[in-house]
Amino acid sequence: MPKDKIDKLLDDAIEGRSLFKNREILQSSHTPNEILYRDDEQKRVMQALLPLAKRARPSNLLAYGKTGTGKTLVVRDTLKKIQEHPKLRTFPIRILYANAKEESTASGLLISFGRQLGFGLELEEVLPSTGLSIGSIFNKLIDVIKKESLKAIFVIDEIDDLVKTKHTQDTDILYLMTRANTRTNPGFISIIGISNVLDFKEKLDPRVVSSLSEEEIVFRPYTVSQIQKILSSRIKEAFVDGIVEEAAINLCSAIAGQEHGDARRAIDLLRVAGELAEREGSNTVTEEHVRNASIKMEEDKDATSLNSLPLHQKILTLAVMRSNGTTTGEIYLVYKSLCKTIRQKELTQRRATQILSELEESTLITGKIISQGIHGRTKKYSTTIPPEKIKKAFKDDLALQDIL
DNA sequence: ACTCCACAGGAATAACCGGGCG
DNA sequence: CGCCCGGTTATTCCTGTGGAGT
């Protein structure tokens, strides 16, 4: 970076000059004043919840749609509107929100709900103090709802996460929740599930499906031109006027539209591009900044996911890298020898193949099944990331030192 | 048409891990 | 502390399979 640029950076920082007017606007947690292009969805969510206006229990609701289509935003916003409506003040509705992916386990989810219920509630002893089985936590929840005659809306974000791991009948909290209403009178619960995965219903217990999706709303992806408009409206608030070039906006929308209409990705991209531009002392955000931002985000993502891998998945990625494009058997051999030099106990081949397909699912490596006739049927794997990037990501892992 | 390789990947089960208790 | 629970990882055992070679 040339010296004058550095000086400029300092000057700008001192004088508080910045490309950004309000950075927060581009944070994914930010709720815009006006939600664009989701009128239909908002209307339908509102309609589904309308029984609340009559003080009755609304149907359970399932909101589908890919990431960045505004599901969470619309649901939360609609609930807030209902809750804050002056005429409904006397009809207290409890809204409990949790994200299944963040809570990561079923009991974590329930405990989170429990805490939210306990909050502002007088009966302290019924609070989250239970570290007991899922069933008993759940029973406590139901007890409180019944006793206090609560009208509770459970919002479960990324609900598809709950279906991934297998459950027995009494640990499947969706099963429990969907049939709990017989036990909550005069209170009630209804569930709003939010899912990114469109076919997640198929993995669900059929008894749960019918009651969980009494109402269903699909969120369509945004079109490229809608994303452009959304970006423009955020830019107006977030950036100093006229700083973001038209071409940059277009590229952001195009990239986000390529996968599916993911508004969040577009906004993230814009923010990173803005930071990049600011850092290099440019006074506009250009197409080039967006392109670099896209590359940077992609690389960061790979690096962090490589870094956070457990030891044996790392060794296996190295094994795949070393024996690029070969069969499971050979990869396993390489893996075993790597383990030996590192003095780590090697895992079974069964486990290794399982890890390989996990790595494949996270797109760090790719594999395809091939049949070699008399030489059997196997899978060939190769890495999707250049070797030096992998090495770079692993280089400060002490356990891996001896195998570079 | 039949065989048989080199695995894929399902099912059951064991071993281990960590938070929240008493 | 030791224990229970629910999860998560690994192991063990297994059945299934596309196609080159015969």
Side-chain angles (χ1 to χ4, degrees), chain A residues 98-118 124-144 156 158-177 202-203 205 305 308-317 319-320 323-340 342-382 397 399:
Chain A
N99 184 312
K101 194 166 254 165
E102 279 160 21
E103 298 300 337
S104 78
T105 79
S107 39
L109 194 77
L110 280 181
I111 287 171
S112 162
F113 281 142
R115 298 232 160 93
Q116 293 175 53
L117 258 189
E124 304 258 326
E125 357 101 38
V126 202
L127 285 194
S129 41
T130 58
L132 292 163
S133 69
I134 284 186
S136 54
I137 303 177
F138 188 72
N139 286 336
K140 298 249 176 183
L141 279 184
I142 297 301
D143 279 354
V144 177
I156 307 177
E158 314 209 44
I159 195 172
D160 38 295
D161 236 57
L162 290 178
V163 192
K164 281 198 172 156
T165 49
K166 283 241 167 171
H167 293 284
T168 65
Q169 184 166 317
D170 39 323
T171 62
D172 185 344
I173 70 168
L174 289 179
Y175 180 74
L176 290 174
M177 291 179 87
E202 275 138 46
K203 295 179 185 169
D205 184 330
S305 63
S308 60
L309 289 177
L311 180 61
H312 283 276
Q313 355 294 75
K314 284 186 183 174
I315 303 176
L316 273 161
T317 2
V320 174
S323 54
N324 216 334
T326 50
T327 66
T328 314
E330 286 170 61
I331 291 169
Y332 186 64
L333 251 41
V334 175
Y335 160 77
K336 274 206 292 194
S337 80
L338 288 179
C339 281
K340 201 162 211 172
I342 280 187
R343 266 168 295 165
Q344 279 288 328
K345 194 182 159 199
E346 76 250 21
L347 302 174
T348 336
Q349 179 154 357
R350 177 68 189 89
R351 177 64 182 147
T353 61
Q354 191 173 317
I355 289 175
L356 285 174
S357 51
E358 283 166 20
L359 290 172
E360 185 186 4
E361 212 163 325
S362 60
T363 72
L364 291 170
I365 63 177
T366 52
K368 64 168 179 232
I369 342 84
I370 47 149
S371 270
Q372 304 164 307
I374 197 76
H375 301 297
R377 192 165 171 274
T378 179
K379 216 165 166 182
K380 287 195 172 179
Y381 286 105
S382 46
D397 189 324

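Reckoned from all heavy atoms, side chains included, excluding hydrogens, waters and symmetry mates. Chain letters run A, B, ... following the sequence lines, proteins first and then strands; every chain starts at 1.
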Rounded distance in Å - [atom1] ([X]) to [atom2] ([N]):
| X | N | atom1 | atom2 | value |
| --- | --- | --- | --- | --- |
| A/Tyr335 | C/dA10 | OH | P | 8 Å |
| A/Glu330 | B/dA6 | CD | P | 11 Å |
| A/Ile331 | B/dA6 | CD1 | C1' | 13 Å |
| A/Arg377 | B/dA6 | CZ | C1' | 10 Å |
| A/Ile355 | B/dA8 | CD1 | P | 13 Å |
| A/Lys379 | C/dG18 | NZ | P | 14 Å |
| A/Arg350 | B/dA14 | CZ | P | 18 Å |
| A/Lys345 | C/dT9 | NZ | P | 17 Å |

Quick one: closest heavy-atom pair of [X] and [Y], and the distance?
| X | Y | value |
| --- | --- | --- |
| A/Tyr381 | A/Gly367 | CD2-CA, 3.5 Å |
| A/Ser382 | A/Asn324 | CB-OD1, 2.8 Å |
| A/Ala399 | A/Ile342 | O-CD1, 3.3 Å |

Handout entry: A/Gln344 side chain near A/His312 side chain, heavy-atom distance below 4.5 Å
Key = yes
Problem - Stepwise salt bridge (Lys or Arg N to Asp or Glu O under 4.0 Å) test for A/Glu358 and A/Arg351 - result: CA-CA 10 Å; A/Glu358 283 166 20; A/Arg351 177 64 182 147; 3.6 Å; yes
Practice task
Using a 4.0 Å heavy-atom cut-off across all strands, classify A/Thr327 as base, sugar-phosphate, or nothing.
Solution key: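 Sugar-phosphate, no base atom in range.
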Exercise for the section: Select base, sugar-phosphate, or nothing to describe what A/Ser371 touches, counting heavy atoms under 4.0 Å on all strands. Expected result: base
Problem - N or O in side chain of A/Thr353 less than 4.0 angstrom from B/dC7 OP1/OP2 - result: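 Answer no for this pair, as no side-chain N or O of A/Thr353 is under 4.0 Å from OP1 or OP2.
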Practice task
On DNA chain B, check which nucleotide each of A/Gln354 and A/Gly329 is closest to and give me the residue with the more 5' one.
Solution key: A/Gly329
Practice task
Specify the residue among A/Tyr381 and A/Gly376 whose closest nucleotide of DNA chain B lies further upstream toward the 5′ end.
Solution key: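 Nearest nucleotide further toward 5': that of A/Gly376.
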Fill in the blank from the handout: Against the side chain of A/Ile374, the closest entry in B/dC4, C/dT11, B/dC7 is B/dC4
